[in-house]
Each structure stands twice: as C-alpha cells, then as structure tokens.
Amino acid sequence: MAKEYNFREIEQKWHELWVKNKTYHVTEDPKRQKFYVLNMFPYPSGAGLHVGHPLGYIASDIYARFKRQQGFNVLNPMGYDSYGLPAEQYAIQTGQHPEKTTFQNIDRYREQLDKIGFCFDWDREVRTCAPGYYKWTQWAFQKMYGSFFCNKCQQARPIAELVSHLEVHGTEGLDVAQSEDLTFTAEEWKSWDETRQSEVLMNYRLAFLGETMVNWCPKLGTVLANDEVVEGVSVRGGYPVEQKKMRQWCLRVSAYAQRLLDGLDTIQWSESIKETQRNWIGRSEGTEVQFRIADTDEEFTIFTTRADTMFGVTFMVLAPESELVAKVTTAGQKQEVEAYLTYVKGRTERERQIDHKITGVFSGSYAINPFTGERNPIWISEYVLAGYGTGAIMAVPAHDSRDYAFAKHFGLPIVPLIEGADVSEESYDAKEGIVCNSPAAGKTPYCDLSLNGLTVKEAIAATKKYVSEHGLGRVKVNYRLRDAIFSRQRYWGEPFPVYYRHGIPQMVPEECLPVELPHVESFLPTETGEPPLGNAQVWAWDEASRKIVDKSLIDEKTVFPLELYTMPGFAGSSAYYLRYMDPHNDKALVSREADEYWQNVDLYVGGSEHATGHLIYSRFWNKFLFDLGVSCKEEPFQKLVNQGMIQGRSNFVYRIKDTNTFVSLGLKDQYETTPIHVDVNIVRADVLDVEAFKAWRPEYASAEFILEDGKYVCGWAIEKMSKSMFNVVNPDMIVERYGADTLRLYEMFLGPVEQSKPWDTNGIDGCHRFLKKFWQLFWDKDGNLQVTDGEPTPDNLKTLHKLIKKVTSDIETFSYNTSISAFMVATTELTQQQCRSRQVMEQMVILIAPFAPHIAEELWQVMGHETTVCDAPWPECNEQYLVESTVRLGVQFNGKVKFSMEFPVDAAPQQMVEQVMQAPEAEKYLKNMQVVKTIAVPGRIVNIVVKPV
RNA sequence: GCGCUUGUGGUGGAAUUGGUAGACACGCCAGACUUAGGAUCUGGUGCCUUCGGGCGUGUAAGUUCGAGUCUUAUCAGGCGUACCA
C-alpha cells in the first residue's frame with residue numbers, strides 16, 4: 001500500500017508542535033537583519049472569518065516564511081482591532097456587554113486562524129480594547145493635545161514653546177498650523193483669564209476641541225469621519241447622515257498635509273493608492289485676492305488657481321454658510337436671501353451631492369475688482385463650499401464650467417480671455433492658450449498689468465507676482481485634507497483621558513493612565529441626550545486622590561466630571577504596528593531599543609479600502625510620534641501590497657413558476673422559471689446536492705427536479721460575499737475537506753494577490769491533487785520513504801534549479817500563482833525522472849515550506865531532520881544547471897518560423913546557418929528568397945529571416 | 001467630469017529584454033481500472049478548414065524582419081473621487 005497523504009493527522013500534529021516548541025516566537029536579535037511583515041489586523045465580527053480574510057494573511061505568511069528561510073529575523077504579528085460599532089449595536093439589541101461578544105469573536109477568529117497554519121508570534125498579540133494597549137492611544141492623544149505645529153520647521157513642537165512666544169510677541173511672527181488666523185498682542189494675551197487663554201490655545205493644539213460641522217448620524221447617535229460616510233449615508237449600517245455644528249475633539253491632520261504628500265514619494269505603494277491619497281490631500285497652488293465690498297470699507301478674500309482670469313470676472317459667489325452673507329445682504333434683498341438660506345439648510349448632504357441644481361440668489365451688494373475697478377454683483381450659491389478655500393470665489397464664467405452654468409442660468413455676462421476660445425456653448429476650462437482681452441498696460445487707472453500674448457501659465461505667474469507686489473493678496477497653497485473629527489458619542493471605544501474643570505478641559509496625569517472604560521448598564525444615550533458614558537456612575541476625576549471616583553462626589557473643587565465622548569475606530573489602529581515591537585512594555589509605547597531594531601514595517605498587506613482612512617491617519621500619527629522622537633522612521637509602512645477582494649460566487653436553482661419543481665440550468669429556457677439563491681455549501685462544481693437541498697429548508701423537502709445527464713446543474717453569478725446571498729464560504733469547511741495546505745495553495749493559485757476575484761471552488765481539486773502527487777514523490781509502493789544518497793541526474797538538477805529560480809523571483813513579486821504552477825510542473829518532471837536523490841528532494845521540501853508548511857515539516861522530519869523546516873536555508877539557484885543543451889535554428893518568413901532544426905548549444909553559428917540552408921526541407925522556403933538577417937537569442941531560437949527577392 | 005486600472009480559449013489565468021501566444025489549473029472529450037464514483041491513471045482539447053492551410057491577445061492604424069508586449073486613436077469593464085474655484 002502506498003503511503004496516504006493524511007493531511008488531517010499531519011496538520012494537527014504540527015499545530016501542536018509549533019505551539020509546544022514556540023517555533024514562531026521572535027525576539028530582537030542584533031546579530032540578524034530584521035524583517036517586519038504586517039497584516040492589517042481584523043475587526044473580529046460575529047460572522048467569523050470568511051475565505052476572503054485569509055487571502056492577505058496567506059500571502060504575507062508565505063513572504064514571512066520565505067524571508068525567515070533567507071536568514072532574516074522576521075516579525076509577523078497579529079492582533080485585533082477590537083473596538084467598534086457592530087459589537088455595540090449588538091449589545092444594544094441583546095444587552096450583552098460588547099466586551100463579552102468581542103472576546104467570543106476573538107476566540108473564534110483565533111481558532112479559525114490557527115487552523116490555517118500561520119507563523120504569527122501570538123506572544124505579541126495586541127487588542128485595541130485592552131487597557132494595557134489603549135493606555136498608549138490615550139498617551140499619544142495627550143501628547144497631541146500638548147503640541148502645536150510649526151509651519152516653518154514643519155514639525156510638532158511642545159505647546160509651551162508657543163505660550164512663551166505669545167507671552168512675548170503675541171501672534172506677531174507666528175507661522176503655525178491653526179484653525180483660525182487670530183491676531184493679538186502679548187499684552188492682550190496676558191490680560192486674558194485661564195478660560196480665554198485655554199480657548200485661544202485650542203486654535204493651535206494638534207488635538208483640540210473645535211466647533212465644527214460634523215457628519216451627524218441620528219440613527220447611530222454619533223458623529224462620523226468623512227471616510228465613514230459614503231454618498232451621504234454611513235458606511236456602517238447605511239443610515240442617513242446630516243450636517244450639524246458640534247463641539248468635538250479634532251486632530252489637526254491638515255497641519256501635516258505637505259509632509260503626508262511628500263512622504264508618498266519615499267514609499268513603495270501602488271500608484272493608485274498614492275494617487276488616491278494625493279487627491280484626498282488635494283494640494284492646490286493658487287492666489288488669494290482681496291475684493292472690497294462696494295460703498296463700504298469691508299474687504300473679503302477669495303481663492304483662485306486661475307489668477308490669469310482676473311479680467312474675466314463678471315460676478316462673485318459666496319457659500320451660503322459664509323459669515324459674509326449677513327454683511328453683504330442689502331435690505332432690499334433680505335427676504336430673498338433668507339428664503340434661499342432656508343432652502344439650502346433643508347437640503348441634505350446627499351441631495352446636494354446627487355443633483356447639482358443651479359440655485360442662487362443675489363445679495364444686493366457689489367465687489368470691486370482690484371484690477372479693473374469694475375463692480376461685480378455678489379451672489380450666494382450652494383455650489384460654493386464653505387469648507388474649502390475662503391468660502392468665496394470670483395466667478396469667471398468663460399473659463400470655469402460651474403461659473404458658466406451659473407452665468408447662463410441667471411443671465412450674467414461672459415467675457416472670454418483666451419484667443420480663439422468659443423464660449424457660446426460651453427466654457428473653455430483648459431489651462432492652455434494665449435491670453436487676450438486684458439487691458440493694455442497703463443490703460444486703466446487701477447492696474448498697469450497686461451497679460452495679452454502670454455500663455456496661461458505665464459499669465460498666472462505674472463498675476464501672482466503682481467498681486468504680491470501690490471499688496472492685493474498673496475500666493476497661497478490650499479489643501480483639501482480636513483482635520484479629523486476625533487470624538488464619538490459611543491460606548492465601545494477608548495475613553496478620553498480628559499476631565500473638565502469649570503468647563504476647561506484638563507488632561508488626566510500621564511502616570512495615571514490608562515483611564516479605563518467604565519461599566520455602564522445601558523449602552524444607549526442617556527435621557528438627557530448625553531452619550532452612553534453618561535450612564536456610568538463611577539465617572540469623575542478626583543484631583544486630590546488622582547483616582548476615578550463616583551459621579552456623586554463632583555464638587556467642582558477637587559472632583560470634576562470626566563469626558564463622555566470616546567475615541568473613533570481609527571484611534572487604536574493608528575500606531576498598533578509600533579506596539580507589536582514591544583507589546584508588554586508598560587513604561588513606553590515602544591522602547592527605544594525595540595523601535596530602533598524593528599524600525600518600521602517592511603511589508604504591509606491589506607485592503608485598498610483604507611486608502612483615505614487608516615492609511616492616512618496612521619501615517620499622520622506616526623509622523624507625529626516621529627516628531628516626538630518615539631518612532632525612528634517617518635513613514636510607518638515601507639511597502640504596501642493591497643490584496644484584492646474576494647467576491648462571492650452565488651449559485652441559483654430555477655423553480656418552475658407556481659410549482660415546487662426545479663429545473664437544471666441547461667433546460668431552464670423551456671420553462672418559465674424564477675431563480676432562487678441556493679447555499680453554495682450544498683453545491684459542488686455547480687452541481688446541486690439534491691438531498692442536501694431537500695434538507696436545507698422545510699419547503700424544499702418535497703421538491704422535485706428535472707435533471708440533465710442525471711445531474712442538477714446550478715446557475716451562478718458573481719456578487720458580494722454576504723449571508724443573504726448564501727455565498728459565504730467559511731475557510732474551516734475547506735480546511736476540513738482538503739486541509740490547510742490545500743487552502744493556502746488554492747487561495748494563492750486563484751490569481752494575482754492584488755487582483756479582486758470571485759471565490760470559486762471549482763479548481764480546488766487541482767491543488768489538492770498536486771499536494772498528493774508531491775507527497776507520493778517521497779514514498780514507494782510499499783509506503784516506505786524512497787530517497788537515496790545517490791547523485792542527482794542533470795535532469796533532476798535542471799528541474800530543481802529552474803524551480804528555485806522561478807519561485808525565488810515570484811515570491812519577491814507576489815506572483816504566487818505562477819510559483820505554484822512551477823511546483824506542479826517540477827513535481828511532474830521529477831516523477832517522470834524517477835528522482836530519488838535526497839539532495840534534490842530535501843530542497844524541494846524547503847522550497848514548498850512557505851506555501852504548504854505542514855506537509856513540508858512532516859516530510860522534513862521523516863527525512864531525518866530534527867530542526868524545523870522554517871529555519872532550513874533557502875536554496876540558491878545555480879545557473880549552470882539551466883544552460884540549454886540545444887538551440888533551434890529556423891527559417892522565418894512573414895514573422896512565422898516555417899522550418900527549424902535542432903543543434904547543440906555550442907555549434908558554430910555559421911555552420912548552423914549553412915546546414916539549415918542546405919536542408920532539403922528548407923528548400924521550398926528559401927526559393928526566391930533573400931536572407932535579411934539571422935537573429936540569435938541565447939538559449940532560445942536562432943532564426944534566419946528571409947523575404948522575397 | 002477627473003484620476004487610477006484592466007481587456008488574452010468554455011473558465012481562472014501564464015508569457016523575462018519585442019522573439020514558437022495560450023504555461024499551469026479547472027472544465028470538456030476519449031480511453032483504462034472499478035459493483036460504484038464527486039476516487040485514481042493515460043491521451044486529447046484556441047477558432048475555422050475543402051486537411052493544403054487560414055485566422056487568432058477589445059477595435060482601428062503605425063513602428064519593426066518580427067508586436068499580447070512599443071506609439072497613436074478608439075471602444076468596453078472595474079475601482080476611487082467629485083460643484084475643491
């Protein structure tokens with residue numbers, strides 16, 4: 001009897017041994033070079049892992065194992081992003097504490113992950129909801145609170161430095177990131193009381209309380225970040241979101257806009273993610289120009305990237321939310337303006353996004369164009385956004401499509417400024433062409449600038465220069481990136497280490513951290529509308545005892561109320577990669593030694609859906625920690641690989657209308673049928689398991705079937721993997737049926753890691769078959785190990801080294817699917833070659849170890865090794881075995897090889913050519929032909945190219 | 001609209017620098033062994049064909065002795081983003 005490939009036994013055995021031997025435990029080892037592999041840690045949802053989750057984990061696991069075999073000291077940790085909305089929503093529905101369900105889910109995830117055979121160092125596991133972990137989230141927040149951002153040195157600095165500056169110079173000479181451009185003197189600063197000073201400092205802190213427009217989701221009872229809202233509804237739950245002004249904790253992410261942009265050039269991420277981030281940051285270089293409101297001394301500022309169009313301005317537009325609206329509205333227009341503002345307020349964010357209706361109202365006032373002295377009417381319209389630039393624009397309808405539509409709608413003049421631009425039908429938005437229609441120099445009393453004859457680019461530069469020189473405005477860089485709103489009105493999140501003394505926020509002393517999440521009875525907002533933490537009884541800070549005490553003790557003398565908000569999801573996930581380096585340290589987020597050893601993540605694997613969320617926030621967070629000197633690298637993730645999404649492949653059965661009879665796919669067109677989703681787990685290779693189907697639902701127990709070729713064939717479609725479509729495939733089932741090694745191989749064989757693809761079990765047998773063949777390579781008919789110490793043949797060596805070369809280069813480029821193909825070919829070749837050589841067989845085991853670690857360990861052991869295959873050094877390819885022994889020489893005409901002959905590789909080219917030309921078979925191809933040239937490609941084909949005489 | 005990205009058999013997907021397109025796998029066909037097969041093994045499988053050959057990498061042109069690969073135009077799908085001045 002041949003030795004059977006008993007994957008269940010093998011895999012279980014090795015899981016136990018890996019745990020027992022701490023095979024995957026890593027420690028800092030200065031003698032070895034480090035390599036840090038990281039997966040985006042999962043949120044442990046109640047549904048458990050589906051086959052899409054492990055895709056990235058398997059890909060990075062292969063890479064981590066490969067790097068380890070290459071001699072690197074590899075850190076490959078795993079943990080859980082365990083704060084979040086779903087657990088809390090579930091808690092509200094069922095009354096179960098989110099911690100309980102979260103821990104249950106974590107256990108289930110762990111169980112599922114362990115089955116797949118990852119080389120995670122579980123001693124380094126982190127959970128964002130563990131106090132020992134979120135202590136450092138709170139700590140970083142406090143550090144941000146205690147910092148401001150200096151624009152000149154492009155760096156975070158301690159707030160005390162700013163205070164000293166204010167005490168001496170006021171805001172004079174200040175160039176810092178700020179919410180509002182405040183101006184005050186040192187005397188004024190010193191004259192203010194603590195409350196006022198505290199308010200003013202909020203304008204500069206990196207973590208600050210700010211009155212901002214937020215995305216308020218009434219259904220979830222919380223605010224959401226911009227990236228948590230898509231098309232006006234919440235990402236979680238899909239509930240409507242409205243705009244509301246609230247006082248919230250914010251992070252001044254915008255201060256780092258330029259560094260976030262510049263950093264992109266130093267990291268190896270896909271161009272599309274970098275481009276997404278560039279767009280999200282939205283740097284735009286332009287000019288701010290001041291316009292005076294006619295008949296007043298009031299001025300306002302607009303932002304434009306098209307300074308060259310100053311002479312084409314025909315009206316001005318303000319955002320409805322702009323504070324200027326009240327100032328410019330004349331008595332005569334008051335009623336109309338107010339009606340319009342009411343209309344705009346009634347429109348949801350979603351409506352504004354979906355239909356771009358042209359609406360607006362004239363304010364009654366005019367603005368003076370500083371270049372022409374013309375009076376331009378000031379309009380108010382929702383197409384101008386309060387949050388970008390200055391919330392006011394100069395409208396140039398000839399060269400901006402939105403202004404054009406507005407001008408056409410309200411009958412405002414359109415003045416073209418570029419030679420040959422036809423603006424009768426649409427605006428000419430392109431930034432190219434020759435400028436015309438600007439007044440000749442010195443012809444207007446207002447301005448001696450003439451742009452005629454310049455290109456648009458030159459005209460922009462000239463206008464910028466003119467504006468700055470004449471004090472009409474200044475050159476300005478704007479960013480679209482907004483500050484992150486950092487508080488949530490939820491329970492299941494990190495509490496803020498903040499209390500309020502007479503309404504002024506105070507930080508809980510650093511040495512008292514963490515401020516632990518209190519117990520509550522209800523996870524809903526309180527009756528007075530406070531967030532759920534308002535339900536906590538023991539939730540006040542005693543300055544005297546430096547402890548959290550009962551709320552009833554609040555006396556506003558030494559006992560004060562604690563913050564009721566919690567932190568958002570991205571708080572805990574922003575610096576977790578640093579914590580893995582030193583997860584049990586209670587003195588620091590990460591020790592200097594650990595940080596300097598592991599540096600940053602060499603390979604980060606995760607979904608691209610985090611492009612504008614986590615991947616921006618954690619870059620920001622790390623840059624801040626870099627400024628603080630905590631992290632020695634400015635960019636957290638050196639290389640990023642985005643694994644594609646695994647879509648579901650749904651199966652359908654076809655019920656004949658008004659019957660309980662189901663017809664197979666090929667015959668369904670003969671009947672009137674309704675397709676019904678059927679659980680993919682009772683379908684194999686699109687063939688329905690009829691008995692399982694009958695047992696699936698009571699109403700199908702009596703179902704009848706019209707079969708084709710004795711089978712019921714199901715239809716299929718690619719859809720999102722979801723419970724409701726019955727297309728969720730659980731990895732446990734695959735592991736149960738085929739083993740973890742097959743699952744690993746198959747997930748990689750499915751296609752390139754970075755590509756989205758549907759889950760489809762149709763090909764899984766091929767991978768399983770391969771592993772069986774690979775296993776059989778090592779055993780004879782009687783089940784004995786068949787390896788000898790004999791010398792390998794040249795064929796054996798060629799097969800082996802071809803494989804080494806292919807797999808080594810494939811792993812570096814994540815082309816695992818072609819590596820697996822190469823293994824299949826090599827296995828077939830070695831089987832045919834009757835390879836028995838220990839030398840070759842051992843190397844085969846080493847090569848397959850990253851892909852199929854269980855089978856590799858088992859074979860490694862039966863071949864007599866006592867060490868783990870994980871530490872077996874990766875083989876080097878010896879090119880000398882790959883040299884081709886023959887070349888083919890052919891005659892090529894019209895791009896086709898018509899005839900060819902084989903020669904030894906070292907044959908003299910001239911002789912080969914002669915021999916081919918003289919070959920009888922070649923004659924008909926050479927008749928009336930002339931030789932154009934001969935082409936030699938080493939190791940490949942050598943051709944004689946001919947064409948008609 | 002803008003940005004990124006992808007188009008190759010019945011299917012998933014291969015193809016170094018431009019060099020025999022379709023590796024490998026699924027599926028399908030034929031055969032072997034089986035009481036049976038959702039097991040195993042062997043062979044075949046791009047399309048058309050009058051069996052000479054012809055056509056083939058979304059479409060159309062171009063460069064080249066030679067193009068899936070380079071250039072230009074165009075079409076289609078996917079992802080992201082959106083009154084950003």
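Proteins come first, then strands; the chains are lettered A, B, ... in the order of their sequence lines, and each starts at number 1.
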By nearest atom, which of the nucleotides [options] is closest to the [X] side chain?
{"X": "Phe749(A)", "options": "C24(B), A14(B), C84(B)", "result": "C24(B)"}
{"X": "Met824(A)", "options": "A15(B), A25(B), C84(B)", "result": "A25(B)"}
{"X": "Ser272(A)", "options": "A85(B), C4(B), G13(B)", "result": "C4(B)"}
{"X": "Arg402(A)", "options": "A23(B), C84(B), G12(B)", "result": "C84(B)"}
{"X": "Arg480(A)", "options": "G13(B), C83(B), U81(B)", "result": "U81(B)"}
{"X": "Arg769(A)", "options": "U81(B), C83(B), G27(B)", "result": "G27(B)"}
{"X": "Lys772(A)", "options": "C41(B), A39(B), C24(B)", "result": "A39(B)"}

Specify the glycosidic conformation (syn or anti) of G53(B), with syn defined as within 90° of 0. anti
Could you tell me whether G38(B) is syn or anti, where syn means a glycosidic angle within 90 degrees of zero? anti
Interatomic distance at [atom1], [N] relative to [M], whole Å:
{"N": "G38(B)", "M": "C26(B)", "atom1": "C1'", "value": "14 Å"}
{"N": "U72(B)", "M": "G77(B)", "atom1": "P", "value": "23 Å"}
{"N": "C83(B)", "M": "U69(B)", "atom1": "P", "value": "39 Å"}
{"N": "A25(B)", "M": "U35(B)", "atom1": "P", "value": "29 Å"}
{"N": "U45(B)", "M": "G1(B)", "atom1": "P", "value": "46 Å"}
{"N": "U49(B)", "M": "A76(B)", "atom1": "C1'", "value": "31 Å"}
{"N": "G31(B)", "M": "G37(B)", "atom1": "P", "value": "14 Å"}
{"N": "A15(B)", "M": "C24(B)", "atom1": "P", "value": "13 Å"}

Determine the interplanar angle of the [X] and [Y] rings, folded into 0 to 90°, and report it as parallel if under 30°, tilted if 30 to 60°, perpendicular if over 60°.
{"X": "Tyr383(A)", "Y": "Phe406(A)", "answer": "tilted"}
{"X": "His614(A)", "Y": "His610(A)", "answer": "perpendicular"}
{"X": "His801(A)", "Y": "Tyr881(A)", "answer": "tilted"}

Does [N] have a Watson-Crick or wobble partner in any strand here, with both distances under 3.5 angstrom, and which is it?
{"N": "G7(B)", "value": "C75(B)"}
{"N": "C55(B)", "value": "G46(B)"}
{"N": "C70(B)", "value": "G62(B)"}
{"N": "C24(B)", "value": "G12(B)"}
{"N": "U40(B)", "value": "A32(B)"}
{"N": "U81(B)", "value": "G1(B)"}

State whether [X] places a side-chain N or O below 4.0 Å from either non-bridging phosphate oxygen (OP1 or OP2) of [N].
{"X": "Tyr383(A)", "N": "A85(B)", "result": "no"}
{"X": "Asn817(A)", "N": "A14(B)", "result": "yes"}
{"X": "Gln755(A)", "N": "G78(B)", "result": "no"}

Protein-nucleotide distance ([X], atom [atom1]; [N], atom [atom2]), rounded to Å:
{"X": "Gln277(A)", "N": "G80(B)", "atom1": "CD", "atom2": "P", "result": "15 Å"}
{"X": "Arg306(A)", "N": "C83(B)", "atom1": "CZ", "atom2": "C1'", "result": "17 Å"}
{"X": "Glu829(A)", "N": "A23(B)", "atom1": "CD", "atom2": "C1'", "result": "12 Å"}
{"X": "Met748(A)", "N": "A25(B)", "atom1": "CE", "atom2": "C1'", "result": "16 Å"}
{"X": "Leu882(A)", "N": "U16(B)", "atom1": "CG", "atom2": "C1'", "result": "13 Å"}
{"X": "Tyr5(A)", "N": "A39(B)", "atom1": "OH", "atom2": "C1'", "result": "17 Å"}
{"X": "His768(A)", "N": "A39(B)", "atom1": "NE2", "atom2": "P", "result": "11 Å"}
{"X": "Trp269(A)", "N": "G80(B)", "atom1": "CH2", "atom2": "P", "result": "17 Å"}

With a 6.0 Å cut-off on the ring centroids, do Phe315(A) and Phe410(A) count as close? no
Looking at the rings of His768(A) and Phe7(A), which for Trp means the six-membered one, are their centres under 6.0 Å apart? yes
Evaluate the side-chain hydrogen bond (donor to acceptor under 3.5 Å, both in side chains) criterion for residues Ser608(A) and Asn642(A): first the C-alpha distance (whole Å), next the side-chain angles of each, then the deciding distance (0.1 Å), finally the verdict. CA-CA 5 Å; Ser608(A) 56; Asn642(A) 298 114; 5.1 Å; no
Comparing nearest nucleotides in RNA chain B, the 5'-proximal residue of the pair Ala822(A), Glu271(A) is Glu271(A)
RNA chain B nearest-nucleotide lookup for Thr612(A) and Ala392(A): closer to the 5′ end is Thr612(A)
Base, sugar-phosphate, or nothing: which does [X] touch, judged by heavy atoms less than 4.0 Å apart?
{"X": "Lys274(A)", "result": "nothing"}
{"X": "Glu275(A)", "result": "sugar-phosphate"}
{"X": "Val384(A)", "result": "base"}
{"X": "Leu750(A)", "result": "sugar-phosphate"}
{"X": "Ser821(A)", "result": "base"}

Take atom CD of Glu812(A) as the centre, draw a 6.0 Å sphere, and report whether it contains more than 12 heavy atoms from other residues, nucleotides or ligands. yes
I'd like to know if the side chain of Trp775(A) and the backbone of Glu4(A) have a donor-acceptor N/O pair within less than 3.5 Å. yes
Do the side chain of Tyr816(A) and the main chain of Ala59(A) share a donor and acceptor less than 3.5 angstrom apart? yes
Considering only heavy atoms from C-beta outward, does the side chain of Leu847(A) approach that of Leu800(A) to under 4.5 Å? yes
Within residues 802-809 of chain A, find the residues that approach RNA chain B with a heavy atom at under 4.0 Å, and present them sorted by residue number. none
Test: Arg619(A) cationic atom under 6.0 Å from Trp269(A) six-membered ring centre, within 45° of axis: yes
